[in-house]
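For ligands, and for the atoms within them, numbers begin at 1 and follow the listed sequence.
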Amino acid sequence: MVLSERVVSGRGAAHGVYSRRSMLRGSLATVSAALCPLAAGQPVLPAIPGKPGLKVLSERPINAETPAHLLDDPVTPAERMFVRNNGIPPDTRDIDPLNWTLELAGEACARPMQLTLGELKDRFEHVTLALQIECGGNGRSEFHPPARGNQWTTGAVACPRFTGVRLKDVLEYCGTTDAAVYVAYEAADTHLSGDPTKQPISRGVPMHKALEAETLIAWAMNGEPLPPLHGYPLRLVAGGWPGSVSGKWLKRILVRDRVHDGPKMGGQSYRVPCDPVAPGATVPDEAMCIIESMPVKSLITHPRSGSRQERAKPIAVRGHAWAGDLGVASVFTSIDFGATWQPADLNEPANRLAWQQWSTNIAIPTLGYYEIWARAVDENGRSQPLVLPGWNPRGYLNNACHRIALAVA
Ligand SMILES: Nc1nc2c(c(=O)[nH]1)N[C@H]1C(S)=C(S)[C@@H](COP(=O)(O)O)O[C@H]1N2
Ligand SMILES: [Mo]
């Protein structure tokens, strides 16, 4: 196998001399590098303590994604949950969590009030749900022309189990007026500039999403208090929508009489062209629409891309599939670049808005280089595209099929 220029100048070059054996390794690196645009020539940033194996994409603010093979668990452990910060997390080391106050306010809030986390826990029914969160920019690294921002490959998605109260119950308690249109969050993290009057992010959802039974104000993840990086002591979780609506370090909930206009709601943030545009187009802000439910997508979490397999021996292949507010109807795999597809077994979700597990056995007929592709179809019959979906200025919503590479020996 000839080493491509990319590997010689990128990841393969780090191996130094190419003995016959390292040539083979080099070929495997090619396999992974070909599928993972970030593998080549990028500086390696130090790991986040408590997040072994996550790839740090930026340090200030801290952002890190999870390689697909580390997302194998049906319920994502905290150590394997991606981190997406727009600002500087608050220092919550010395707070008394039960006295953390949540303020309810906004033009359409009937009875503005403050509730402590202790009061939230006492007054409302506790709910535990597995909820899938994916960053709107997950997959951004594949767009051309490239989009600015964190170059997420496939790893800005997770599905932990959150415990909290329903946002709906709290909104009913404080009351909303007929003018209510949107529910937004404000949080305790600070702006990168250090300017205390600026918020890094304040986003929201329309009333119908806020009032869904699965939209939570959560204090626990996988049975433990929320980890500091994931919003301790309190966060919103609105599964199936861009992760940016799931506000961490939650301080304030605003019931708005208009579409929320906080930082990163307007302009080009978390928005895509209302009508499709040609790659590289400049799109005026007025022609951009807010992203709501995320599109159907899937991940192959086993085997690991780049692994060696034996010919004709069945390979257990598995992963997850999700479809925003919708359920996933079917998942297919292909070992011939999408020429033919085989249906996989697909489980029901643990609850609405949890990702679904799929699995299949694949026997590879001959020696050589193979890719496994996975493709999910949502309950409305909409499939993941095989190649990149519509280009957009900020590189959101890439739900192209996930591909992994195998060397069959
Ligand atoms: N307060 C606050 N909440 C936030 C963010 C943030 O920067 N500040 N980032 C959002 C974005 S863009 C995403 S994708 C998710 C990521 O959640 P995680 O870091 O717990 O994985 O949190 C959201 N909530
Ligand atoms: Mo995000």
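Closest protein heavy atom to atom 15 (C) of ligand 1: G243 O, 3.4 Å. Scanning the protein heavy atoms around atom 2 (C) of ligand 1, the nearest turns out to be D189 OD2, 3.3 Å. The protein non-hydrogen atom at the shortest distance from atom 7 (O) of ligand 1 is N86 N, 2.7 Å. Nearest protein neighbour of atom 10 (C) of ligand 1, counting heavy atoms only, is S244 CA, 3.6 Å. Protein heavy atom in closest approach to atom 21 (O) of ligand 1: F82 O, 2.6 Å. Of the protein's heavy atoms, I201 CG2, 3.4 Å lies nearest to atom 6 (C) of ligand 1. Protein heavy atom at the shortest distance from atom 19 (O) of ligand 1 is K248 NZ, 2.5 Å.
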Verdict with supporting geometry, C289 and C274, disulfide bond (SG atoms under 2.5 Å apart): CA-CA 5 Å; C289 284; C274 304; 2.0 Å; yes
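For the pair P389 and N398, the minimum side-chain heavy-atom distance is below 4.5 Å. No side-chain heavy atom of T360 sits under 4.5 Å from any side-chain heavy atom of F332. Within the 4.5 Å cutoff, no side-chain heavy atoms of H302 are placed close to those of V317. Side-chain atoms of T215 and K168, non-hydrogen and from C-beta on, never get closer than 4.5 Å to each other. Contact annotation: the side chain of I217 approaches that of L236 to within less than 4.5 Å [non-hydrogen atoms, C-beta and beyond]. The shortest side-chain heavy-atom distance between F82 and L57 does not fall under the 4.5 Å cut-off.
Of the heavy atoms in M81, only side-chain atoms (C-beta onward) come closer than 4.0 Å to ligand 1.
For the pair R394 and F143, the cation does not sit on the ring face, since its NZ or CZ is not both under 6.0 Å from the ring centre and inside 45° of the axis.
Atom numbering of ligand 1 starts at 1 in the shown order; those under 4.0 Å from a heavy atom of A187 are 1 (N). Listed by number with element, the atoms of ligand 1 under 4.0 angstrom from any heavy atom of S246 are 22 (O), 23 (C), 24 (N). Annotation for ligand 1: atoms under 4.0 Å from non-hydrogen atoms of G247 are 3 (N), 24 (N). Shown in contact with V83 at under 4.0 Å from a heavy atom are these atoms of ligand 1, numbered in order with element: 19 (O). The atoms of ligand 1 that sit less than 4.0 Å from any heavy atom of N85 are 7 (O). Listed by number with element, the atoms of ligand 1 under 4.0 angstrom from any heavy atom of C135 are 14 (S). Interface of Y270 with ligand 1, defined as ligand atoms under 4.0 Å from a residue heavy atom, comprises 12 (S). Heavy-atom contacts of H230 reach the following atoms of ligand 1: 18 (P), 19 (O), 20 (O), 21 (O) (cutoff under 4.0 Å).
At least one heavy atom of R235 sits less than 4.0 Å from an atom of ligand 1. Under a 4.0 angstrom heavy-atom cut-off, I133 registers as lying outside contact with ligand 1.
For ligand 1, the polar-atom distance check against R84 finds a nitrogen or oxygen pair separated by under 3.5 Å.
Counting all heavy atoms, side chain and backbone alike, L129 lies closest to A213 at CD1-O, 4.4 Å.
Under the side-chain hydrogen bond (donor to acceptor under 3.5 Å, both in side chains) test applied with N86, the options K264, Q199, H191 reduce to a single match, K264.
Note: W355 and W322 have tilted aromatic rings, judged against thresholds of 30 and 60 degrees for the angle between ring planes.
Side-chain atoms of R203 and S244 form a donor-acceptor pair, as typed in the model, at a separation below 3.5 Å.
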